[in-house]
Q: 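The following block contains the structure, expressed as structure tokens.
Please read these numbers as outputs of a predicted model, since none were measured by experiment.
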Amino acid sequence: MARSGIICAGTAVLDVNNVIETWPEEEQISFIRECILSAGGPPHNAATSLIRLAAPFPVAMIGVVGDDQYGDVFLNNAKAAGLDVSGIRRVANINTDYTHVMTAAKTGKRTFFYRPGANDTLAAGHLLPTQDTAKIFYLGSPGLSSSMDKSDGWRTVLTAVKRRGFKTCMELCPVPAKTQRTYTRPCLPLLDYFIINDSEAEIVGGLPVLREGRFDWALAEAAARNLLALGVGEIAAIHHPMGAVAATKSGEVVRAAAVNVPQAEIVSAVGAGDAFHAGMLFGIHEDWPLGQCLALANASAATSLHGITTSASIRPWEACLEYAKARGLQPT
């Protein structure tokens, strides 16, 4: 029987999404004009993005939350999105991890204030699937669980699931550069797919992606090939608001310009990276050509910009591609 499905495991976070008028100077005030609580964290965001894309395969999540009100909100939101949460365990006497996401209305840029909690109790054994029917195992994110960071838990999980026949990938989050590099780079030889943004590529791989502050296609291609040389097994992809590149171990390299989203349509960029990752995994799971994977990833990221939360505005995959066709692409 062919394997089917994607399991998203790792850190669970409740996002407190705030839209602010502008980013203030210290000791100054900025008004919050909208606030929405939503389940978040890279595994949840990728999983719900896949569901919003109408993935024709099972999607589930493994993780932990606290026994507090934020844990209730997380589970209720995840269930309402159609996510299988049977793998999410509740930890007594500890808070659910949460992030205050501050999105500036004028720019769409966001800043994160993170409060650790239940994720610091994670151990490798908590994140292992109970069955081996899924095709891809997604893990995120180094730096958000002190217990996993200190115990080499990320590598332990990836080693275990690879032995059980899963294809593996990992998503990152904007923790300090030294933390990100320390806990991510040793995982590269255990990853089949590595899909990250330009900043993460420079931190983990050590090669620049930008030239004079602008996305450079040739540098991005070199950085993707470098990630493969550092151990990534099959596909390395790097995304940026201007577009994305992907390289394979067999030597294929593909460029894909980003969708031309009008500034007036952009509400928040908080889930764009997760949406891109989900689009790529959708195509990879369905054995699409690499160029089609990138096209859906860019289209998924584009529609995610229309909402304050990470995935609520993402459309079914065909509608995402139709939106990208209607808006056109940015110049390469």
Side-chain angles (χ1 to χ4, degrees), residues 2-10 15 38-62 77-85 133-140 167 169-171 192-197 235 237 239 241 243-244 246 254 256-261 265-327 329:
R3 297 173 74 131
S4 176
I6 297 179
I7 295 173
C8 298
D15 287 337
S38 63
H44 167 272
N45 297 344
T48 53
S49 295
L50 284 163
I51 292 170
R52 297 288 298 179
L53 288 168
F57 47 79
V59 180
M61 180 180 169
I62 302 174
N77 281 353
K79 290 175 184 176
L83 179 59
D84 176 0
V85 297
T133 55
K135 185 175 182 179
I136 298 174
F137 182 89
Y138 163 116
L139 185 62
K167 294 291 186 179
C169 63
M170 173 177 276
E171 186 154 17
D192 294 292
Y193 319 122
F194 196 39
I195 302 158
I196 53 178
N197 65 33
I235 299 172
H239 60 88
V254 178
V259 179
N260 187 28
V261 181
E265 293 185 6
I266 299 175
V267 175
S268 171
V270 67
D274 301 303
F276 182 95
H277 205 135
M280 279 292 293
L281 291 184
F282 186 113
I284 290 170
H285 184 283
E286 297 298 280
D287 298 319
W288 288 4
L290 188 57
Q292 288 182 232
C293 295
L294 283 174
L296 178 58
N298 279 332
S300 175
T303 63
S304 79
L305 299 174
H306 296 159
I308 184 175
T309 63
T310 56
S311 58
S313 61
I314 297 174
R315 309 173 189 186
W317 69 271
E318 291 172 306
C320 285
L321 293 175
E322 289 172 2
Y323 172 80
K325 183 177 179 179
R327 285 287 178 256
L329 304 180

Q: Test of understanding: with side-chain contact (heavy atoms from CB on, under 4.5 Å), list the residues that count as partners of A134, not counting sequence neighbours.
A: I7, F166
Q: Applying side-chain contact (heavy atoms from CB on, under 4.5 Å), name anything that partners A60, two or more places apart in sequence or on another chain.
A: D84
Q: My understanding is that only residues two or more places apart in sequence, or in another chain, count here; which of them pass side-chain hydrogen bond (donor to acceptor under 3.5 Å, both in side chains) with T303?
A: none
Q: Identify, with sequence neighbours excluded, every residue that meets ring-ring contact (aromatic ring centres under 6.0 Å, His included) alongside F194.
A: none
Q: Taking only residues two or more places apart in sequence or in another chain, which ones pass salt bridge (Lys or Arg N to Asp or Glu O under 4.0 Å) with R3?
A: none
Q: From L50 CG over to I6 CD1, what is the distance, rounded to the nearest 0.5 angstrom?
A: 4.5 Å
Q: Who pairs with C293 by side-chain contact (heavy atoms from CB on, under 4.5 Å), at least two apart in sequence or on another chain?
A: M280, I284, W288
Q: Tell me the closest heavy-atom pair linking N298 and A257, and the distance in Å.
A: ND2-O, 3.2 Å
Q: Does the side chain of P42 reach to within under 4.5 Å of the side chain of H277, using non-hydrogen atoms?
A: no
Q: Kindly give the heavy-atom pair with the smallest separation between A54 and W317, and that separation in Å.
A: O-CD1, 4.3 Å
Q: Write down the atom of S313, the atom of G307, and the distance for their closest heavy-atom approach.
A: OG-N, 3.2 Å
Q: List the steps, then state whether side-chain contact (heavy atoms from CB on, under 4.5 Å) holds for F276 with N197.
A: CA-CA 10 Å; F276 182 95; N197 65 33; over 6 Å; no
Q: Listed by chain and number, what are the ring-ring contact (aromatic ring centres under 6.0 Å, His included) partners of Y323, not counting sequence neighbours?
A: H306
Q: Which residue pairs satisfy the salt bridge (Lys or Arg N to Asp or Glu O under 4.0 Å) criterion with at least one member in residues 296-312, sequence neighbours excluded?
A: none
Q: Applying side-chain hydrogen bond (donor to acceptor under 3.5 Å, both in side chains), can you list everything that pairs with D274, at least two apart in sequence or on another chain?
A: N45
Q: Are the side chains of L329 and N260 in touch, meaning some heavy atoms are under 4.5 Å apart?
A: no
Q: At their closest point, which heavy atom of V254 faces which heavy atom of G291, and how far apart are they?
A: CG1-CA, 3.9 Å
Q: What is the distance from atom CE of M170 to atom OH of Y138, rounded to the nearest 0.5 Å?
A: 10.0 Å
Q: Taking the side chain from S300 and the backbone from A275, do they hold a donor-acceptor pair closer than 3.5 Å?
A: yes
Q: Would you check if C320 and I314 make a side-chain contact, meaning some heavy-atom pair closer than 4.5 Å?
A: yes
Q: With sequence neighbours left out, write down each residue that passes side-chain contact (heavy atoms from CB on, under 4.5 Å) with A39, or none if nothing qualifies.
A: H44, F74, N77
Q: Over all heavy atoms of both residues, which pair between L281 and I136 is shortest? Give the atoms and the distance, please.
A: O-CD1, 4.3 Å
Q: Is there any salt bridge (Lys or Arg N to Asp or Glu O under 4.0 Å) pair reaching into residues 302-322, and which pairs are they, with sequence neighbours excluded?
A: none
Q: Test: salt bridge (Lys or Arg N to Asp or Glu O under 4.0 Å). Region: residues 283-308. Which pairs qualify, not counting sequence neighbours?
A: K135-D287
Q: Within a strict 4.5 Å, meaning less than it, do heavy atoms of the L321 and L296 side chains meet?
A: yes
Q: Would you check, one step at a time, whether the test side-chain contact (heavy atoms from CB on, under 4.5 Å) holds for V267 with L305?
A: CA-CA 6 Å; V267 175; L305 299 174; over 6 Å; no
Q: Looking at every heavy atom in both A9 and P43, which two are closest together, and how far apart are they?
A: O-CG, 3.4 Å
Q: Calculate, to the nearest 0.5 Å, the distance between atoms SG and CD1 belonging to C169 and I196 respectively.
A: 12.5 Å
